[in-house]
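Only one structure is covered here, and it is reproduced in the block below.
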Amino acid sequence: MAPTLSTALDVHFPIPQSDAKTPIFFTRRKSTIYCNSSKPPQNPPARKTPSLSEQLQPLSSTTLPNKDQARLLSKPKSTWVNPTKPKRSVLSLQRQTRSPYAYNPKVRELKLFAKKLSDCEDSEDAFLGVLEEIPLEPTRENALLVLNSLKPWQKTHLFFDWIKTKNLFPMETIFYNVTMKSLRFGRQFELIEELANEMVSNDIPLDNITYSTIITCAKRCNLFDKAVEWFERMYKTGLMPDEVTYSAILDVYAKLGKVEEVVSLYERGVASGWKPDPIAFSVLAKMYGEAGDYDGIRYVLEEMKSLGVRPNLVVYNTLLEAMGKAGKPGLARSLFQELLGSGLTPNEKTLTSLAKIYGKARWAKDALELWEEMKSKNWPMDFILYNTLLTMCADIGLVEEAEQLFMDMKQSRHCRPDSWSYTAMLKIYGSGGNVGKAMEFFEEMSEVGVELNVMGATCLIQCLGKAGRIDELVRVFSVSVKQGIKPDDRLCGCLLSIVSRCESREDMDKVLACLQQANPRLVALVKSIADEEYCLDTVKEEFKGIISDTKDDARRPFCNCLIDICRSKNLHDRAHDLLYLGTLYGLYPGLHNKTANEWSLDVRSLSVGAAQTALEEWMVTLAKIVKREEALPELFSAQTGTGTHKFSQGLSNSFASHLKKLAAPFRQSEEKAGCFVATREDLVPWLKSRSPSPAVSV
DNA sequence: CTAGGGTTAG
């Protein structure tokens, strides 16, 4: 096994361990470093970026000053370090200072000129033409001011080259830094690297500002290996990163998902006497949020508390987002309360995070309270927040609130409803079964020129299908395809579920014709399943092929629908075959659960027909066990759930009526909604009484 | 965007 990062680091930058021998004047050292190494790596191993330990290996041997190495070599076991000579640090505690600008009395004139240059035609000739009209001597100060005011990056770059050619004064670091910053806006990493290499060849020193600009530009261009490479080069030249460069590189590792490296760097920094600022904590919080790692988020909170760093608004926002990703709506809510208690005012991003969390959790009460509070306190709104609130309303089924928001949006000066806003409305009316309103919005979209997207089309098609308005469904589908919408797996699943509900052959053919355009193999499978010449092996092959090409979250719905189609055609044996295939390919994990006292069937993610099929299958299995006189637990239960959505149709009702039809001795549990229970005492006689042969048919 | 780091949408 490769050495762990922390051991590799300790070789180069030893940290005193928190044992009894450690003198108290050592920098605080936590006894536990939180790092969830049980999680699988976030990134595939094929990445080019070497691990931090790999990078620090060459780095440490070249960058550690010799006297430190000598000291370490001479006293390898000593953990004592003279407090007046602080031990080897990984970052400079002093932030690089910037030279103050001398006031330039010609600011106005120069800025005006810079604007002229910025606005001129984007060609070298045009630019040089305007340059000839320069109103003042291009002295160092004047040139710097102009350089600073130019945009876009092409102009900055041209001007920078021009200054160099003129050769009026020596080029200094600041000229490169200013130019690089502009180039970064254009994500011109190659040019930035070119300039950096030029600095090296011309002996112009690269400082922390240069390095942090290079690193963040590489990061924004997703050139993470380049970011790390330049960080390493900085150490090699003997320059210590200050906290700005340091947190920039922390963010690079965080974006790579290298949690261990980030925590290690962070801890090394703290051990060097660094008091991380809110930006560093925001980087950590974001990283743990992306990993959905709640323990990590707690670690960040504890660190801030123990170091006495008060979160600012950005940190709160990042933490809220992270709590949402970690699936902790309750903690997000308390964090928000804490934010308000600390006297901060939430901004658009805060409220967007919270609205998303309440919507996903379907917390209607909190969602409504949030909206009321937003209105009464006049908290800021923007376009994204409007759309997120609309989506939240759609998730929860808040129809009137959504209508109000949509109206507000139309009246607002700064934003027009876009395809997201309309999609939310289509979702609200669609899932509420208000086909008329949904179609009204669909027509309005084409009037105001907002394009339908695949999700909106799916919502609309779903509600038209449920309402049995198949001709309109076909129309919406063809309009969507004509608009260039590429039907995705969800839309196909939606069409397939409508097929399963069609009552007439005619309607079914119309929907299948749509599906034929979107996913012909799926239609072929439906035909194979319903074919007189049914062959399980053929179906199995087709099924396998389709499922492996289907997005993960649409696989089970596909199988559910296919089972429903079989049942609607009274082909119950084939429904059982499909349930078997679905189980075989792992689409129904956790369907059966056993404890010593209770066996249960969890059909919460199954369709009505699939749940019925699973129940029958279970009963057949249990009957066999009874026949073989094997042991059975005291209790049996089947869980349908109640459906968290206001509009959800409730699997539990149909399941209950199916139980009734079978005369199975399951009772609706009194303490747990959506749960049906039977005792062994009641179930066994019933299983025995059923004739063994057509056990699966009703 | 008057030389550098962190946060918003199925």
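In the text below, chain A, chain B and the rest are named by the order of the sequence lines, each starting its count at 1.
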Would you say dG4(B) has OP1 or OP2 under 4.0 Å from some side-chain N or O of K181(A)? yes

Between P of dA9(B) and CE of M425(A), the distance in whole Å: 21 Å

Select base, sugar-phosphate, or nothing to describe what V314(A) touches, counting heavy atoms under 4.0 Å on all strands. base

Can you tell whether the side chains of D395(A) and K427(A) come within less than 4.0 Å, N to carboxylate O? yes

In terms of side-chain heavy atoms, does E193(A) have a donor or acceptor partner in W230(A) at a distance below 3.5 Å? yes

Distance-only donor-acceptor test (3.5 Å): side chain T318(A), base dT7(B): no

OP1, OP2 of dG5(B) versus side-chain N and O of R184(A): anything below 4.0 Å? yes

Sequence neighbours excluded, the answer for side chain to side chain contact (heavy atoms under 4.5 Å, CB included) partners of E190(A) is none

Could you tell me how far apart D277(A) (CG) and dG4(B) (C1') are, to the nearest whole angstrom? 13 Å

Interatomic distance, M234(A) CE vs dG4(B) P [rounded to whole Å]: 17 Å

If only side-chain N and O atoms count, and only distance matters, is there a donor-acceptor pair under 3.5 Å linking T550(A) with D489(A)? no

Measure the distance from CG on L250(A) to C1' on dG4(B) and round it to the nearest whole Å. 15 Å

By a strict heavy-atom criterion of less than 4.0 Å, which residues belonging to residues 103-113 of chain A are in contact with DNA chain B? K111(A)

Report which part of the nucleic acid S353(A) touches: base, sugar-phosphate, or nothing (heavy-atom distance under 4.0 Å, all strands). nothing

Under the salt bridge (Lys or Arg N to Asp or Glu O under 4.0 Å) rule, what pairs show up with a residue in residues 334-347 of chain A, not counting sequence neighbours? none

Strictly below 4.0 Å, heavy-atom distances to any atom of DNA chain B: list the hits from residues 550-558 of chain A, or just say none. none

For M409(A) and dA9(B), what is the distance between atoms CE and P respectively, to the nearest whole Å? 15 Å

Categorize T210(A) for me: base, sugar-phosphate, or nothing, with a 4.0 angstrom heavy-atom threshold over every strand shown. nothing

Could you tell me the separation between the CD1 atom of I214(A) and the C1' atom of dA3(B), rounded to a whole number of Å? 13 Å

Identify whether any heavy atom of K219(A) sits under 4.0 Å from a base atom; if not, whether one sits that close to sugar-phosphate; answer base, sugar-phosphate or nothing. sugar-phosphate

Residues in ring pair (Phe, Tyr, Trp, His ring centres under 6.0 Å) contact with Y316(A), at least two apart in sequence or another chain: none

Check every atom of dG10(B), dG5(B), dT8(B) against the side chain of I279(A) and return the nucleotide holding the closest atom. dG5(B)

By the 4.0 Å heavy-atom rule, please label T423(A) as base, sugar-phosphate, or nothing. base

Residue set satisfying side chain to side chain contact (heavy atoms under 4.5 Å, CB included) with A285(A), at least two apart, ordered chain then number -> V300(A), T318(A), L319(A)

Any N or O donor-acceptor pair linking the side chain of D242(A) to the base of dG5(B) at under 3.5 Å? no

In chain order, what residues pass the salt bridge (charged side-chain N to carboxylate O under 4.0 Å, His left out) check against K377(A), with sequence neighbours excluded? E373(A)

Residues of residues 485-492 of chain A with a heavy atom under 4.0 Å from any atom of DNA chain B, listed by number, are none

Does a side-chain N or O from R95(A) land closer than 4.0 Å to OP1 or OP2 of dG4(B), or not? no

Roughly how many Å is it from CG in D418(A) to P in dA9(B), rounded to a whole number? 14 Å

Residues two or more places apart in sequence or in another chain: which of them pass ring pair (Phe, Tyr, Trp, His ring centres under 6.0 Å) with F175(A)? F169(A)

Side-chain-base donor-acceptor pair under 3.5 Å for T245(A) and dG4(B): yes

The side chain of K255(A) is closest to which nucleotide in this list: dT2(B), dG6(B), dA3(B)? dG6(B)

Between the base of dG5(B) and the side chain of S247(A), is there any donor-acceptor pair under 3.5 Å? yes

With sugar-phosphate meaning primed atoms plus P, OP1 and OP2, does T391(A) contact a base, only sugar-phosphate, or nothing at under 4.0 Å between heavy atoms? nothing

Pick the P atom in dG6(B) and in dT2(B), then give their distance to the nearest Å. 14 Å

Tell me whether K328(A) forms a cation-pi arrangement with Y294(A), defined as NZ or CZ under 6.0 Å from the six-membered ring centre and within 45 degrees of its axis. yes

Not counting sequence neighbours, which residues clear ring pair (Phe, Tyr, Trp, His ring centres under 6.0 Å) with Y246(A)? List them please. W274(A)

Between K325(A) and dA9(B), is there a contact of a side-chain N or O with OP1 or OP2 at under 4.0 Å? no

For the base of dA3(B), is there a side-chain donor-acceptor partner from S99(A) under 3.5 Å away? yes

Checking dA3(B), dT8(B), dT2(B) against the side chain of E321(A) (C-beta onward), the nearest is dT8(B)

Taking atom types as modelled, is there a side-chain donor on T173(A) or D207(A) under 3.5 Å from an acceptor on the other? no

Output the single nucleotide from dG6(B), dG4(B), dA9(B) whose closest atom is nearest the side chain of Q96(A). dG4(B)

Which nucleotide sits closest to the side chain of T388(A): dT2(B), dG6(B), dA9(B)? dA9(B)

For K286(A) and dG6(B), is the shortest distance between a side-chain N/O and OP1 or OP2 below 4.0 Å? no

Taking the side chain of N208(A) as heavy atoms from C-beta outward, which of dA3(B), dG6(B), dG4(B) is closest to it? dG4(B)

Check the angle between the aromatic planes of F336(A) and W379(A) and answer parallel, tilted or perpendicular using the 30° and 60° thresholds. perpendicular

For the base of dT2(B), is there a side-chain donor-acceptor partner from N148(A) under 3.5 Å away? no

With the side chain defined as heavy atoms from C-beta on, R220(A) is closest, among dG6(B), dT7(B), dG4(B), to dG6(B)

At 4.0 Å (heavy atoms only), tell me whether N387(A) reaches a base, stays on the sugar-phosphate, or touches nothing. base

Partners of L117(A) by side chain to side chain contact (heavy atoms under 4.5 Å, CB included), sequence neighbours excluded? F113(A), F127(A), V130(A), L131(A), V146(A), L150(A), F159(A)

To the nearest Å, give me how far apart CD1 (I384(A)) and C1' (dG10(B)) are. 14 Å

Quote, to the nearest angstrom, the C1' distance that separates dA9(B) from dG5(B). 25 Å

Got a sec, which residues hit side chain to side chain contact (heavy atoms under 4.5 Å, CB included) with D122(A), two or more places apart in sequence or on another chain? Q154(A), K155(A)

